[in-house]
Amino acid sequence: MDNPQKYSVFITRKIPEPGPTILKKYLQVNMNPEVNVLDREVLIKNVKNVDALLCMLGDKIDSNVMDAAGANLKVISCYSVGYDHVDIKEAEKRKIIVTNTPNVLANTTADLTFSLILSAARNIINADSHVRRGNWKFGWTPDLFLGYDVYGSTLGIIGLGEIGTLVAKRAKGFGMEVLYYSNSRNQKIESDLSISYVPLEELLQRSDFVSIHASLNKSSFHMIDESKINLMKKTAFLINTSRGKVVNEKHLIKALEDKQIAGVGLDVYEDEPISVSNPLIHLPQTVLLPHIGSATFRTRSKMAEVSANNIVNSLFGKGTVYRIK
Ligand code: DGY
């Protein structure tokens, strides 16, 4: 092996073990010890001359950052499965390897998707607040927090990748009919899980829960807009654990205000974090989470391991590299 310490990496935010230990064994490591998103100037300053960059969703890694890093930069390792924050074309032009963390977070995110479906359908958050605020006055009540059945209803999955498939599996345990729409059909999964491919419009019209699992790119940007939301049932819920920009948030807010759909369960937003002035916060039919789809101790640690190994294996030319391009 080459002299290991000749390479350096900048980690834009504190990541859990074993990520730092793996990297320290082979590289000089500079890790931002803070949990906040780095100011652009601080990011630009810290990437200077690094061989590798380990970055988060909130870091916009564009040509300016790559220029600031300079010719040494060989690997950009995303601490995520999504990589829409990286300018892939620019990286390709400069022969920089870009990597992500597949295979380790899909079950965790599928679990969270189901918790959003159940919470939204059964008023879990509002009912919990009702109890905590001392508003529960009359014991068991025939019409207190009536919601919608998940069991036996129809789920429409947009995007049948790793996470979409695992959500479909869980839905089968709830006796749901599962429809899906994806760029490509997967007839093996259709027959293994007894799920049906339908056009997007039909999925929106027939589903009681529409769950988005599409990655963000030019063709999925604002894929769900007013014209699509208007196809949904008035009793249906929209669930999004993928990327906020797949949905036109202004149109979604309008649809909720007009009671065009029954509610939403969101883990992602057009601009994160959302502020208290965002109307979504003031609408009662929303369950809102702070982008925690993959947030379990085990999964975040696995992501750290994979993203660190992606760097070491790319630089030293051995082992598995989860390369995007
Ligand atoms: C991802 O990995 O892309 C998620 O959004 C965060 O874990």
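In each ligand, atom 1 is the first atom listed, and ligand 1 is the first ligand listed.
No side-chain N or O of Thr299 forms a donor-acceptor pair with one of Ser294 less than 3.5 Å apart. In this structure, a donor-acceptor pair under 3.5 Å is absent between the side chains of Asn46 and Asn32. Of the N and O atoms on the side chains of Glu190 and Tyr180, at least one donor lies less than 3.5 Å from an acceptor on the other residue.
Formation of a donor-acceptor pair under 3.5 Å by the Asn186 side chain with backbone atoms of Ile189 is found in this model.
Between His130 and Phe145, the two ring planes are perpendicular [angle over 60°; tilted spans 30° to 60°]. In this structure, Tyr26 and Phe316 have tilted ring planes: the angle between them lies in the 30° to 60° band.
The protein residues lying under 4.0 angstrom from ligand 1, judged by non-hydrogen atoms, are Leu57, Ser80, Val81, Gly82, Leu105, Arg243, His291, Ser294, Met303.
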